[in-house]
Protein chains: 2
Amino acid sequence: MDTSIAPLAAQTRNAQPPRHDAPLELDITQLQRHMIVTRRKVRAGQYLYRNGQPFRALHFVHAGFLKTCELSEDGREQVTGFRMHGDLLGVESIGLGAHTCDAVALDDAEIWELPYPLVLDALQRIPELRVRLAAALAEEIRRDRVWMLVIGTLPAEQRVAAFLLDLASRLARLGFSARHFILRMGRADIASFLALKHETVSRALSHLEKLEYISVLRREVKLLDIPKLRACVGTPCTVQ
Amino acid sequence: MDTSIAPLAAQTRNAQPPRHDAPLELDITQLQRHMIVTRRKVRAGQYLYRNGQPFRALHFVHAGFLKTCELSEDGREQVTGFRMHGDLLGVESIGLGAHTCDAVALDDAEIWELPYPLVLDALQRIPELRVRLAAALAEEIRRDRVWMLVIGTLPAEQRVAAFLLDLASRLARLGFSARHFILRMGRADIASFLALKHETVSRALSHLEKLEYISVLRREVKLLDIPKLRACVGTPCTVQ
DNA sequence: ACGTCGTGTAACAGCGCGTAACGGCGGCCC
DNA sequence: GGGCCGCCGTTACGCGCTGTTACACGACGT
């Protein structure tokens with residue numbers, strides 16, 4: 001495992017523009033003064049952590065793209081989310097000794113590790129951090145609930161549309177184009193996340209393309225008609 | 001709205017046995033020494049809070065039964081969970097000024113209100129509370145993720161079985177029977193929570209009854225063969 | 001008594017699933 | 001470099017589960 005301690009100023013080829021509304025962004029810079037933050041690289045396809053492994057740190061995604069997977073005892077798997085720059089990973093394991101899910105890099109990633117005991121120390125000294133951490137956890141809950149709403153109330157094609165709009169919105173907040181982007185995950189991952197099968201996702205993308213709402217070429221996506229996309233989803237997503 | 005400040009020792013007809021492993025149970029008694037806890041009664045069918053209302057307090061369920069509903073702008077509704085004694089409500093709104101979902105009593109409930117500013121104060125003075133609150137939020141995330149797994153990977157009948165087992169497990173932790181209980185919610189609420197329609201829930205319950213795994217009479221449920229139920233779900237639920 | 005709401009059953013329709021085949025792309029070894 | 005193979009994505013087809021619709025029954029409140 002490629003783990004190293006290095007100055008945080010270093011840039012990587014995956015470096016992404018700063019995000020200003022990330023729940024912990026401001027605190028990350030503050031946290032650096034209070035604890036040693038380990039920079040860790042995770043190559044595409046590698047696990048950042050796995051179900052059952054000891055929980056020792058929170059993980060701040062500095063660059064790259066990851067998915068989180070919930071696992072059942074009998075081998076079923078459910079993608080529960082995708083993480084990119086500015087997102088915090090591992091919060092779901094707070095209060096436990098071990099991780100309860102997998103985190104897999106879908107693209108070479110740089111992770112800043114925040115040792116949990118040091119985070120607890122910092123919570124004592126930095127009042128604002130207490131508010132921020134709780135807010136970050138609450139935001140995680142809200143995000144999950146929004147997807148429960150999407151999955152529970154929308155048919156397949158609209159789920160896919162909602163997914164694309166959400167991705168676009170998050171990329172836009174990072175300063176990337178919301179209209180033209182590359183999917184970092186395969187159809188199967190999208191399908192799992194949306195509680196569908198990968199063929200259904202394929203069909204939905206093809207149909208949205210036929211409607212000229214989007215254009216798709218393998219993993220390259222262009223959103224051609226965002227208002228129409230939003231309309232068919234009930235406009236829960238705010239993009240631009 | 002029936003809101004009163006009263007000694008916490010008072011008993012109500014809905015009083016339930018204490019729960020010893022609740023994330024905040026111990027802190028609740030501790031919190032009483034640090035803040036005024038308002039006891040609030042919410043009658044069946046009434047809202048504890050609604051989407052958009054100002055967020056001022058966390059709500060500890062002392063007695064009764066509630067559901068939380070996520071809402072979309074175009075009127076869709078998704079039940080995101082059911083709460084009973086020992087559960088904490090409103091954590092999803094931390095960091096925001098207003099609630100983002102509805103909380104509805106399905107049965108006369110007694111709620112202990114913890115004013116959020118006072119909770120923040122207490123966080124400063126009680127180190128253990130910091131750990132506990134974060135853990136409670138994390139547990140909320142884990143619960144949601146387990147249901148994403150259930151909904152995303154199991155067919156209708158097995159979702160219903162998983163739902164019954166989860167309910168049984170939670171009731172058992174409160175000291176109630178896991179094999180015989182009354183559903184406090186209607187078929188439609190179960191259906192929404194499981195991303196199904198109420199007729200499908202009805203069918204599933206009838207079929208599980210025909211298999212003699214359970215017996216159902218309106219809202220009265222008996223679990224006749226818990227091992228079989230667990231088997232058809234992949235044993236993610238631990239009951240007894 | 002009446003109306004309303006929640007529930008159970010049935011018949012039908014349709015969305016999405018399962019399987020399969022095909023094609024493109026990239027990695028690997030020769 | 002060329003050929004092979006495996007993975008990913010797309011599309012087609014038939015079917016099954018689930019949604020839809022409809023109706024009947026019972027509980028409950030008015």
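Since the model is a prediction, treat every value here as computed from it, not as a measurement. Side-chain atoms are counted along with the backbone in the values below, which use heavy atoms only and exclude waters and symmetry mates. Each chain gets a letter, A, B and so on, in the order the sequences are listed, and its residues count up from 1.
Heavy-atom distances to DNA chain D give each of Leu205(A) and Ala195(B) a nearest nucleotide, and the one nearer the 5′ end belongs to Leu205(A). Residue whose closest nucleotide on DNA chain D sits further toward the 5' end, between Arg219(A) and Glu157(B): Arg219(A).
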With a cut-off of 3.5 Å and sequence neighbours excluded, list every side-chain donor-acceptor pair involving residues 188-201 of chain A.
residue   : atom : partner   : partner atom : Å
Asp189(A) : OD1  : Lys67(A)  : NZ           : 2.9
Ser192(A) : OG   : Val79(A)  : N            : 2.8
Thr200(A) : OG1  : Arg203(A) : NH2          : 3.4

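Remark: P of dC7(D) and CG of Asp189(A) are 15 Å apart, rounded to the nearest angstrom. Per the geometry, CG belonging to Leu196(B) stands 15 Å off P belonging to dT7(C), to the nearest Å. When rounded to the nearest whole Å, the span between NZ of Lys197(B) and P of dA10(C) equals 22 Å. Whole-Å rounding puts the Leu217(A) CG to dG24(C) C1' distance at 11 Å. Here the C1' atom of nucleotide dC17(C) and the CZ atom of Arg159(A) are 13 Å apart, to the nearest Å. Rounded to an integer number of Å, the gap from NE2 of His198(B) to C1' of dG19(D) is 10 Å. Rounding to whole angstrom units, NZ of residue Lys210(B) and P of dT9(C) are separated by 9 Å. Per the geometry, CZ belonging to Arg218(B) stands 15 Å off P belonging to dC5(C), to the nearest Å.
Listed pair Ser202(A) / dT11(D) fails the phosphate criterion, with no side-chain N or O lying under 4.0 Å from OP1 or OP2. In this structure, Thr200(B) reaches the dG19(D) phosphate: one of its side-chain N or O atoms is under 4.0 Å from OP1 or OP2.
Residues Asn51(B) and Cys101(B) are not in side-chain contact: their nearest non-hydrogen atoms beyond the backbone lie 4.5 Å or more apart. Counting heavy atoms from C-beta on, the side chains of Glu77(B) and Thr153(A) never come closer than 4.5 Å.
Nearest nucleotide to the side chain of Arg187(A), out of dG18(C), dG9(D), dG8(C): dG9(D). When the nucleotides dT20(D), dT18(D), dA27(D) are ranked by their closest atom to the side chain of Glu199(B), dT20(D) comes out on top. Nearest to the side-chain atoms of Val216(A) among the listed nucleotides dG8(C), dT10(D), dT20(D) stands dT10(D). Closest to the Ala156(B) side chain, of the nucleotides dT18(D), dA22(D), dC17(C), is dT18(D).
Between Glu73(B) and Arg230(A), no side-chain nitrogen of the basic residue sits less than 4.0 Å from a carboxylate oxygen of the acidic one, so the salt-bridge criterion is not met. Comment: Glu110(A) engages Arg39(A) in a salt bridge, judged by a side-chain N to carboxylate O separation of less than 4.0 angstrom.
For dG19(D), its base sits under 3.5 Å from the side chain of Arg203(B) at one donor and acceptor pair at least.
Over its full length, the helix from dA1(C)-dT30(D) to dC30(C)-dG1(D) turns its helical axis through 40°, comparing axes from the five pairs at each end and rounding to 10°.
For Arg170(B) against Phe82(B), the heavy-atom pair with the smallest separation is NH2-O, 2.6 Å.
Judged purely by atom type and a 3.5 angstrom limit, Glu220(B) has no side-chain atom pairing as donor or acceptor with the backbone of Leu217(B).
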